[in-house]
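Working notes, beginning with the structure itself.
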Amino acid sequence: MGVAFRDILGDYKEPVSWESLAGTAALDAHNAIYQFLSIIRQPDGTPLMDQEGRVTSHLSGILFRSASFIEKGIRTVWVFDGTPPDLKQETIRERRTVREQASEKWQEALARGDKEAAYKHARSSSRIDDEVLRTSRELLDLLGLPCIQAPSEGEAQAAYLVQRGDCRYVVSQDYDTLLFGAPFLARNLTVSGKRKIRGRSISVLPERIMLPAVLKGLSITREDLIKVAILVGTDFNSGIRGVGAKTALRIVQNGGFEQAIMEKSPDTDWETIADFFLHPPVNENYLLEWKNPDREGILTMLCDRFDFSPDRIQRALDGMNVKTGQKTLDSWF
DNA sequence: CGTTGCGA
DNA sequence: TCGCAACGG
């Protein structure tokens, strides 16, 4: 979701400093891991793999990004998806089809030696399987970072953590958490966010989106924002053809939502979808505990089992601890 | 994506 | 020291 939806959010994206993001953050694990699997690849699309051919792109991404977050004083909670709602079945089927077709196109591109196309299709063929999930959690556990299992959508759980005050903000590239009520969404939390300005390369600041500012600025309620999303399409419905975010916003602001649905998409059970965004299943009984990284455990897992270079891993581990002066991360807060 | 190595 | 290409697994 969100490709069209973001057209009305442009004015509410604020650049923020890394310092202002110190504290606890609920990380959309699916979103982050997908990004790692999708992007960390060779030019021909081959992901990082150990000697046995097991994919390791996600482990590389999790380790180095976590090291960077820890150095910046950002304590992450990794929120994993549970069982998707029935409402999402069609989207899931569509994604599987796209993935399978991308996989075929990847092989075809490889066969004809078109690396650029190979890389592009390989990215779209990315899939988070059980093995990726298991090894991700294993590494996060060794890093001492808490993982929460959502009963349903991870974005909903992440939004809940912030609403409840256990985290300051959600980290995700997707905007869905806003619909689930996250008051503070942070995007572009990448180390390598670099841009050239006047010949100089400066690091691009992360950006934040504050839900109250969005709602106030657009003069709508959260329920209205959800209606806008439903008109353009969500994970739970395909939206109305030809209606983008700006048109959808105007329709909702003018009170024309129900009529538009009735006329253009009468089969959309919008009330059920809206109710899911407003009252999603969440786990309310979680325990958040941060521990020191298990240095030996991480080295054993990544180097002995997955063929990472001990040198690189040690350097990353040094970066996580040295700055804290042997204190536990917890003692910062 | 994030790190590292290399040429200027 | 910087900027970019290549590597990592």
Side-chain angles (χ1 to χ4, degrees), chain A residues 18 21 25 27-74 76 78 102 106 110 113 115-116 118-129 131-140 142-143 145 170-174 186-207 293 295 297-323:
Chain A
W18 281 102
L21 293 173
L27 220 132
D28 179 351
H30 181 93
N31 188 260
I33 293 169
Y34 184 86
Q35 231 129 17
F36 296 144
L37 287 179
S38 155
I39 292 166
I40 305 178
R41 291 172 182 271
Q42 291 182 310
D44 70 352
T46 310
L48 297 191
M49 292 184 296
D50 69 3
Q51 308 243 335
E52 293 174 40
R54 295 176 298 192
V55 173
T56 55
S57 297
H58 58 301
L59 300 176
S60 178
I62 288 171
L63 178 84
F64 291 117
R65 186 171 292 184
S66 294
S68 155
F69 279 178
I70 288 171
E71 282 179 74
K72 293 178 163 81
I74 298 172
T76 50
W78 289 65
W106 176 18
L110 275 181
K115 277 202 178 172
E116 210 169 316
Y119 183 81
K120 188 182 81 183
H121 295 307
R123 282 189 62 166
S124 306
S125 75
S126 305
R127 178 166 180 268
I128 299 179
D129 60 20
E131 192 65 14
V132 167
L133 285 173
R134 266 200 24 248
T135 51
S136 294
R137 297 180 118 106
E138 187 179 350
L139 178 57
L140 289 166
L142 290 168
L143 283 163
L145 303 174
V170 173
V171 181
S172 177
Q173 289 303 103
D174 290 346
R187 301 181 72 249
N188 302 340
L189 267 63
T190 57
V191 177
S192 62
K194 297 261 167 69
R195 195 192 297 164
K196 283 141 283 172
I197 293 176
R198 295 195 299 271
R200 280 267 177 74
S201 168
I202 59 141
S203 57
V204 157
L205 295 172
E207 73 183 24
R295 213 186 156 87
I298 291 167
L299 283 166
T300 302
M301 176 185 180
L302 295 183
C303 304
D304 295 355
R305 267 167 62 204
F306 290 105
D307 305 325
F308 281 69
S309 142
D311 259 21
R312 302 181 105 234
I313 304 306
Q314 256 152 9
R315 267 196 288 270
L317 290 168
D318 289 343
M320 294 194 286
N321 291 326
V322 166
K323 281 199 174 177

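Naming convention: chains lettered A, B, ... in sequence-line order (proteins, then strands); numbering from 1 in each chain.
Atom pair A:I62:CD1 and B:dC1:C1' shows a separation of 12 Å (rounding to whole Å applied). Here the P atom of nucleotide B:dC1 and the NE2 atom of A:H58 are 18 Å apart, to the nearest Å. Regarding A:D50, its CG atom lies at a distance of 20 Å from the P atom of C:dC7, rounded to whole Å. Atom CG in A:N31 sits roughly 12 Å away from atom P in B:dC1 (whole-Å rounding). In this structure, A:R54 places its CZ atom 19 Å from P of C:dG8, rounding to the nearest Å. What separates CZ of A:R312 from C1' of C:dC7 is a distance of 7 Å, to the nearest Å. In this structure, the CD1 atom of A:I70 is 14 Å from the P atom of B:dG2, given to the nearest Å. If you take CG of A:L48 and C1' of B:dT3, they are 12 Å apart, rounded to a whole angstrom.
Residue A:P47 is in base contact, counting any heavy-atom pair closer than 4.0 Å across all strands shown. Using a 4.0 Å heavy-atom distance criterion, A:Q51 is classed as making no nucleic acid contact. Residue A:S38 is classed as having no contact, given no heavy-atom separation below 4.0 Å to the nucleic acid.
Residues A:V191 and A:F64 are not in side-chain contact: their nearest non-hydrogen atoms beyond the backbone lie 4.5 Å or more apart. Between A:D318 and A:R295 there is a side-chain heavy-atom pair separated by less than 4.5 Å.
In this structure, the nucleotide among C:dG8, C:dG9, B:dT4 sitting nearest to the side chain of A:R315 is B:dT4. The side chain of A:T190 approaches B:dC1 more closely than any other nucleotide in the set B:dC1, C:dG8, B:dT3. Distances from the side chain of A:R65 to the nucleotides B:dT4, B:dC1, C:dG9 place B:dC1 closest. You'll find that the side chain of A:V191 is closest to B:dG2, out of C:dG9, C:dG8, B:dG2.
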query: What do the steps show when you test A:S124 against A:W106 for side chain to side chain contact (heavy atoms under 4.5 Å, CB included), and what is the final call?
result: CA-CA 9 Å; A:S124 306; A:W106 176 18; over 6 Å; no
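Without hydrogens or angle criteria, A:S60 side chain to A:S57 main chain gives no donor-acceptor distance under 3.5 Å.
Within 6.0 Å of CD on A:E116 lie no more than 12 heavy atoms contributed by other residues, nucleotides or ligands.
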